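Before any comments, here is the structure.
Just so you know, ligand 1 is whichever comes first in the structure, and atom 1 is the first atom listed for that ligand. The basis for the numbers below is simple: all heavy atoms, side chains too, and nothing from hydrogens, waters or symmetry mates. Worth saying up front: this structure is predicted, and the values here are computed from it rather than measured.
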Amino acid sequence: MSDLKVLISRDRIAKRVAELGAAITHDYAGEPVILIGVLKGATIFLADLARHISLDATFDFISVSSYGNEKMHSGEVKLNKDVDNSMEGRNVILVEDILDTGLTLRYITGLLAAHKPKSLKIAALLDKISRRQVPIKGDYVGFEIPDEFVVGYGLDYAERYRNLPDVCVVS
Ligand code: IMP
Ligand code: MG
């Protein structure tokens with residue numbers, strides 16, 4: 001068992017996720033939105049965020065994997081599961097657990113832009129800005145964090161720890 005230290009507590013997460021949901025509700029002003037979760041890390045964030053969005057909202061999911069290991073991104077991204085529906089003319093909000101190098105979201109936004117959505121925004125619980133390799137910015141970001149490997153609240157290390165209620169640093 002690795003040593004885990006709480007970086008962001010469940011209480012802080014809950015408060016911030018509610019704020020993000022309120023901001024989204026405000027910004028889309030009654031228009032329908034589709035939340036696209038990036039499997040599997042975004043599932044818990046999406047579930048909580050969606051319940052703070054007071055709009056006509058639907059869900060879809062996409063799955064990609066990046067080559068390389070957990071901590072080193074090779075830059076290549078592979079599509080495992082595409083969205084089920086066309087995003088043409090829709091307000092798409094991509095929901096991701098963490099923005100790191102930005103390579104994953106650059107790939108996914110490129111893929112979805114081809115659908116010609118009405119709008120395309122990014123909601124990310126966490127952002128490691130110092131790690132960015134491509135110019136991708138989150139529109140709704142929960143917390144900026146230092147360059148440390150974190151788990152919990154959906155984030156994994158070798159598929160484990162996703163069920164931890166707090167975001168923790170693994171040492
Ligand atoms: P990016 O393509 O480098 O931005 O990587 C994004 C993906 O890398 C995320 O969806 C996570 O699955 C994974 N990732 C990046 N940093 C961490 C971390 O600190 N903990 C767990 N997963 C991470
Ligand atoms: Mg992962």
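With distances taken over non-hydrogen atoms, the option nearest atom 18 (C) of ligand 1 out of Tyr161, Tyr107, Phe149, Tyr157 is Phe149. Taking only non-hydrogen atoms, the option from Asp100, Val38, Asp97 nearest to atom 12 (O) of ligand 1 is Asp97. When the heavy-atom distances from atom 4 (O) of ligand 1 to Ser65, Gly102, Ala42 are ranked, the shortest goes to Gly102.
Which parts of ligand 1 touch Thr104 is read off a 4.0 Å heavy-atom cut-off, strictly below it: atoms 1 (P), 2 (O), 5 (O), 6 (C). Less than 4.0 angstrom separates some heavy atom of Thr101 from each of these atoms of ligand 1: 1 (P), 2 (O), 3 (O), 4 (O). Within ligand 1, the atoms closer than 4.0 Å to a non-hydrogen atom of Leu155 are 20 (N), 21 (C), 22 (N), numbered from 1 in the order shown.
Using a 4.0 Å heavy-atom cutoff, Lys128 is listed among the residues neighbouring ligand 1. In this structure, Glu148 counts as a contact residue of ligand 1, since one of its heavy atoms falls inside 4.0 Å of the ligand. Proximity of Asp156 to ligand 1 is established by a heavy-atom distance of less than 4.0 Å. Using a 4.0 Å cutoff on heavy atoms, Val151 does not count as a contact of ligand 1. Residue contacts with ligand 1 leave out Gly41, since none of its heavy atoms falls under 4.0 Å from the ligand.
A cation-pi arrangement is present between Lys121 and Tyr28 under the rule of less than 6.0 angstrom and at most 45 degrees off the ring axis.
Ion pairing between Lys40 and Glu159 holds under the 4.0 Å rule for side-chain N and carboxylate O. No salt bridge links Arg12 with Asp166; every basic N to acidic carboxylate O contact stays at or beyond 4.0 Å. The pair Lys118-Glu88 does not count as a salt bridge, with every side-chain nitrogen at least 4.0 angstrom from each carboxylate oxygen.
The heavy-atom pair separating Arg132 from Asp100 by the smallest distance is NH1-O, 3.0 Å.
There is a side-chain donor-acceptor pair under 3.5 Å between Ser65 and Asn80.
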